[in-house]
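The analysis underlying the following values was restricted to heavy atoms, covering all of them including side chains, and did not include hydrogens, waters or symmetry mates. Counting from 1, the numbers follow the sequence of the chain as shown.
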Amino acid sequence: MNIRRTAHIIKTSLTRAAHRRGFGIQSPWAYELIRDVLFEPLPYYAYQEEGLTTPLEQQLYRIRNHYHNHPIIVIEEKGEAANIHYEQALQTITPDTIIVIEHTHNDNANLWSRIVQDPRAIITFDMRRRGMITFDSHRIKQNYLL
């Protein structure tokens, strides 16, 4: 691994660590979402009932539970299949739509970079292995590194 890549990883890790628990985030909406949904440390009652054992499964359950009245699209494919699924999802989005994309740190890294730059994706939450996108045009475009 070269020095430049190592420095980038250290810088990104420090940025993520600062915002992981919501510190430094000014938006009350985003702060509440990060603290109480994305990185909630307490167990939910339904984890055992639903058979959710991994932290990623539990996080997705909390997202679905929090946004139970909103359309949620989960893209689990990798590579070109994920690109196609995302483009199809964009045809039906509303301001309430939430899209969750898996594998954003490796197989879908190019797709995630494109999404962050896309003007239709208003708020993006980069959680390293998973990304979440909201399309509410009443908010200011922002990308959170968590």
Check whether any side-chain heavy atom of [X] lies under 4.5 Å from a side-chain heavy atom of [Y], and answer yes or no.
| X | Y | value |
| --- | --- | --- |
| I123 | D136 | no |
| W29 | R139 | yes |
| W112 | I133 | yes |
| D126 | V116 | no |
| T94 | F135 | no |

Steps toward side-chain contact (heavy atoms from CB on, under 4.5 Å) verdict (F39, R62): CA-CA 9 Å; F39 296 106; R62 290 191 307 268; 5.5 Å; no
Ring pair (Phe, Tyr, Trp, His ring centres under 6.0 Å) partners of residues 51-76, not counting sequence neighbours, each pair once: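 Checked against ring pair (Phe, Tyr, Trp, His ring centres under 6.0 Å) - neighbours excluded - the pairs reaching residues 51-76 are Y67-H70.
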What's the spacing between [X] [atom1] and [Y] [atom2] if we round to 0.5 Å?
| X | Y | atom1 | atom2 | answer |
| --- | --- | --- | --- | --- |
| N108 | H85 | CG | NE2 | 11.5 Å |
| T104 | F125 | OG1 | CZ | 13.5 Å |
| M132 | L146 | CE | CG | 9.0 Å |
| I122 | T134 | CD1 | OG1 | 7.5 Å |
| Y144 | Y31 | OH | OH | 13.0 Å |
| Q59 | L52 | CD | CG | 12.0 Å |

Salt bridge (charged side-chain N to carboxylate O under 4.0 Å, His left out) partners of residues 65-88, not counting sequence neighbours, each pair once: K78-D107, E87-R114
In one Ile/Leu/Val/Met/Phe/Trp/Tyr side-chain cluster, 4.5 Å: L90, I72: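 In one cluster: no.
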Linked, directly or transitively: V37 and M127 (ILVMFWY side chains, under 4.5 Å):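 Yes: a chain of side-chain contacts under 4.5 Å links V37 to M127.
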Nearest atoms (heavy-atom pairs only) where [X] meets [Y]:
| X | Y | answer |
| --- | --- | --- |
| Q58 | T53 | NE2-O, 3.7 Å |
| I115 | K141 | O-NZ, 4.4 Å |
| Y86 | D118 | OH-OD2, 3.6 Å |
| A89 | I99 | CB-CD1, 4.0 Å |

Greater than 12 external heavy atoms within 6.0 Å of N110's CG: no
side-chain hydrogen bond (donor to acceptor under 3.5 Å, both in side chains) partner of R130, the single match among H105, E102, H103: E102
